[in-house]
Number of protein chains: 2
Amino acid sequence: MARTRSVPPPADIQGPHIRVTLKDVAQLAGVSAMTVSRVLNAPENLSAATVAKVRAAIESTGYVPNSAAKALRSSRSRLIAAVLPTLTGPIFLDTIGALTAGLARRGYQLMVGQSGYSSAGEDQLITDIISRRPDGIVLTGVVHTDEGRRRLLASGIPIVETWDLTPEPLDVLVGFSHEAVGREVSRFLVGRGRKKLALIGADDVRSKRRWSSFAKSARALGVGQPVARFVTAPAMLGDGRETLRALLAEHPDTDAIFCSSDALALGVLIEARAQGIDVPGRLAVVGFGDLNFSAQLDPALTTVRVDGPRIGELAAHCIVSRALGQPLETRIFDVGFTIVQRASA
Amino acid sequence: MARTRSVPPPADIQGPHIRVTLKDVAQLAGVSAMTVSRVLNAPENLSAATVAKVRAAIESTGYVPNSAAKALRSSRSRLIAAVLPTLTGPIFLDTIGALTAGLARRGYQLMVGQSGYSSAGEDQLITDIISRRPDGIVLTGVVHTDEGRRRLLASGIPIVETWDLTPEPLDVLVGFSHEAVGREVSRFLVGRGRKKLALIGADDVRSKRRWSSFAKSARALGVGQPVARFVTAPAMLGDGRETLRALLAEHPDTDAIFCSSDALALGVLIEARAQGIDVPGRLAVVGFGDLNFSAQLDPALTTVRVDGPRIGELAAHCIVSRALGQPLETRIFDVGFTIVQRASA
DNA sequence: TTGTACGCGTTATCAT
DNA sequence: ATGATAACGCGTACAA
C-alpha cells in the first residue's frame, strides 16, 4: 500500500454538481415548477396548503436554487467583483472584510481579483471579470492602464473606486484626499516646532501624492524642502530601519519623519532606539494607517487613521445602489482621516 | 444646485449588462453561432479564413463570453469558493493571496465568504455558496458545525480543508500538525534549559490544540505543567502586554513564553522591556507566524514559521484537480513548519 | 390561485 | 469544415 498511490475522490462525491432542480421539487410536491418558484420568490398569493407542501419538498430534497440559471434569465448575477493590487498587505484588508460582510447582508457575493503588477495579467483579469457579468465592480487602490479603464467603462457595469480621491472618478468614489493628509501632517509637525522634515514612503501613487502636498505645504510654511526616501512596495519594518539609517547619515539634522505606513514607522522607532536617538525629543515620528499595534508601541505612535471598514461598508452601499439603478446621495464620499496624536510626535 | 441632490448613474451606463452575444458576433461574421463558439473553444479544425473572420468580428464587437450561460450549459462554473472566519487578520492572507493567484493561473476565479462567528450566518453562507455551484470549496481555519459540514458534503462539491491537520478530513487536507508545533516548541525551550514554561494564546481551536500538546510534552520532559492564559481572538499586541503583566504577577518565576501569534509576542517583548526584564536572559519568548516585522525586532523574535503561500498554492492545485476529477497524489499534504531561532529564545 | 410557453446565452450532438 | 436543434434551470408574460 504505497503512500504515494493516487487517490480518487470519495465515492459519495459523484460529480461537481447538484442534481436537484425546481422540476424535481415540483414533481415531489405535485405542483408545477412555476409554483415552486413562486414559493421562493413571492409566496404572498399562494394557498397556505401548497406553500406548506412545497416547503416540505424543498426541505426533503435539500434543494438550493441555481444562481447561474437565475442570472441568465434575469441578467442579475448578484455578484460583485473587487479588484485590488494584492491581497497580501494589511492596508485594504479591513475594507475588503467590511465590503464582503456588507454585500452578504444585502444578498450579494464577492469575487476577488488581484491586478498584481503586470498589465498583461490585468488585462486577463478584466476579461475574466466581465465574463462573470457582475452587477458591480469595486476598485481598491488600483490605477488601471487607460486601456483597462476604457474596457471596464465600456462594459456598462457600475464601478465604485475606493481609497482614493482622484480628480476624475469613473463614476462613484469612496475615499479621502491623500493631498490633504500630506498637507495636514506637515502643518502638524511645523506647528509643533519642527524645522527639518523628512518622509519615508513606499513607491506607490498614493504615497507619492501625499509626498507632493507634504513638500509643498512645508515650503509654504517656511521650513524649506523636506527630504524624501522611497522604498519599493510593500514597505516593511526592515525598510524603515535601513532607510532611517541612510537618511540620518546624510541629513543628521532631520527632526521629523512622516512614514507612509505604520510598519515603516515601527522600523524607524526601533532603529532610533538602537541608535540612542530620543523620540520625540530629537526626532518626531508620524505613521500612516494606525495598525492595531501602533497605540501600544513605546513611545506610542502618532499616526494618521483612516476608517477602512467604513470605506468597505460605504462601497457596499454604493455599488448595490448602482446595481439596482437607485440614485445615490452624491458621487463622492469623503470619509476623511484623523491625525491620532500620541507620544512619538 | 444643491450638493445633496441625488445623483443618477452616468448616461453611458445603460444597465448592468453587456449586450453582445455569440449570435451578434456570428451575424457580423456571416457564420452560425456554433462556429463562433468553436473559434473560441476548439479552433483546430476550422478553416483559417473563418477563424480570421470571426476573430475580427469578436474584436470589433468587444464580445466577452457569458460565463453564467457557459456554467448552465456545461455544469462547470470555473468558480471556487473560499470560506474563512474573517478577512481581517494577517494569518490567512498569504494563503488566500496565493490561492487567488494559483486559481487565476488555472483559469478559475475565487469567491470569498466569511463564516464569522454566528452559526446562523454560517448557514446562510453555505446556502449562498451552494447556489453558485462552485466547482470546489476551500475551507481555511474553519471548524463548521456538524450540520454545516453535512450540507457541504451532501452538495457533492469537492472540498479542500487547509491550515489544519485534523484526524478526520472531509476529503483533501493541506496543512500542518498543530500538535507537532506545541510539542516541538516545548522540546526546544526545555532543551535550552528552561524550566517554567507558559503560553499566551488566542482562544481558537488551533491555538488550543497547540496548547494541549505543549503542556503534555512539557510534563513528559519533567518540567511540570506550564501556565496558560487565553485572550479572545483576534489577539493583538495590547493583549500581549497586558497578559504578560498579569501572568508574571502570579508566576514571577516563569522563564519561557510561547505566544500563539507574533503580534502577541511583540506585546510581550515591549512589556518585558518596559519592566526591565532581560530577554532572553531571564525570559525566553517564542512567537508563531513569523510576520514580516519579526526578524527586525530587538531582540529578533524566535518564532514558528508556516509557509502560508505554499498552502494556498497547494490548495489551488488540489481543488482544481478534484474539480476536474483528476486523481491526487495523496489526500493529506503536510507542509510542516520550522522553528526560526533568533535572539529572543 | 395555479399552469403553459418561451427565452436568457451557451454547448453537445447529430447532420450535412 | 460548418450548421441546425435541443437542452441546461429559471422567471416573465400570459392564460386558465
Side-chain angles (χ1 to χ4, degrees), chain A residues 15-55 57-58 61-79 130-135 155-156, chain B residues 15-55 57-58 61-79 127 130-135 155:
Chain A
H17 308 293
I18 289 89
R19 315 220 151 277
V20 185
T21 73
L22 266 190
K23 219 183 283 183
D24 300 318
V25 177
Q27 200 159 2
L28 182 64
V31 298
S32 77
M34 207 40 235
T35 301
V36 179
S37 173
R38 280 193 267 252
V39 168
L40 261 29
N41 302 309
E44 43 270 12
N45 31 358
L46 290 183
S47 85
T50 36
V51 171
K53 261 194 314 193
V54 171
R55 287 255 160 80
I58 289 177
T61 52
Y63 170 72
V64 177
N66 180 329
S67 37
K70 253 185 156 103
L72 187 56
R73 177 64 239 226
S74 65
S75 9
R76 303 197 152 283
S77 60
R78 290 196 156 262
L79 193 67
I130 293 180
S131 83
R132 294 273 170 207
R133 305 294 192 269
D135 292 344
S155 75
Chain B
H17 307 292
I18 289 88
R19 316 222 151 276
V20 184
T21 74
L22 266 190
K23 219 182 281 184
D24 300 318
V25 176
Q27 199 158 2
L28 183 64
V31 298
S32 77
M34 208 38 237
T35 300
V36 179
S37 173
R38 280 194 265 253
V39 168
L40 260 28
N41 301 309
E44 44 270 11
N45 31 1
L46 290 183
S47 86
T50 35
V51 171
K53 260 194 315 194
V54 172
R55 287 253 158 83
I58 290 176
T61 52
Y63 169 72
V64 177
N66 180 328
S67 34
K70 252 182 153 107
L72 185 57
R73 177 63 238 215
S74 65
S75 22
R76 302 197 151 285
S77 61
R78 289 194 157 266
L79 193 67
T127 301
I130 294 180
S131 82
R132 295 274 170 205
R133 305 294 191 268
D135 292 345
S155 75

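Not measured: the values here are computed from a predicted model.
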dG9(C) P sits how many Å from Gln27(B) CD, rounded?
13 Å
Could you tell me how far apart Asn45(A) (CG) and dT2(C) (C1') are, to the nearest whole angstrom?
10 Å
Round to the nearest Å and state the distance from Leu72(A) atom CG to dG7(C) atom P.
14 Å
So, OP1 or OP2 of dA1(D): does either fall under 4.0 Å of a side-chain N or O from Thr50(B)?
no
Of the candidate nucleotides dC10(D), dT2(C), dG9(C), which contains the atom at the shortest distance from the side chain of Lys70(A)?
dC10(D)
Scanning both residues in full, the closest heavy-atom pair of Arg132(A) with Ser77(B) reads NH1-O, 2.7 Å
Val36(A) side chain near Lys23(A) side chain, heavy-atom distance below 4.5 Å:
no
Nearest heavy-atom pair of Asn41(B) and Lys70(B): which atoms, and what distance?
OD1-NZ, 4.4 Å
Report the distance from atom CG of Asn66(B) to atom P of dG7(C), rounded to the nearest whole Å.
18 Å
So do Asn45(A) and Arg38(A) actually touch side chain to side chain, heavy atoms under 4.5 Å?
no
Within the pair Thr21(A) and dG9(D), is there a side-chain N or O less than 4.0 Å away from OP1 or OP2?
no
Establish, with yes or no, whether the OP1 or OP2 oxygen of dT11(C) is under 4.0 angstrom from a side-chain nitrogen or oxygen of Asn41(B).
yes
Using a 4.5 Å cut-off on heavy atoms from C-beta on, say whether the side chain of Val31(A) contacts that of Val39(A).
no
How close or far is atom P of dG9(D) from atom CZ of Arg78(A), stated in whole angstroms?
22 Å
Name of the residue among Val54(A), Val20(A), Leu28(A) meeting side chain to side chain contact (heavy atoms under 4.5 Å, CB included) with Tyr63(A):
Val20(A)
Does a side-chain N or O from Thr35(B) land closer than 4.0 Å to OP1 or OP2 of dG3(D), or not?
yes
Under a 4.5 Å cut-off applied to non-hydrogen side-chain atoms, are Arg55(B) and Pro43(B) in contact?
yes
When rounded to whole Å, the CG to P distance for the pair Leu40(B) and dG9(C) reads 16 Å
Shorter than 3.5 Å, N or O on both sides, protein versus nucleotides 12-16 of chain D: list them out with atom names.
{"residue": "dT12(D)", "atom": "O4'", "partner": "Arg73(A)", "partner atom": "NH2", "Å": "3.4"}

From CG of Leu46(B) across to P of dG3(D) the rounded distance in Å is 9 Å
Distance in angstrom units between Arg76(B) CZ and dC8(D) C1', rounded:
14 Å
Looking at every strand, decide which applies to Leu22(B) at a 4.0 Å heavy-atom threshold: base, sugar-phosphate, or nothing.
base
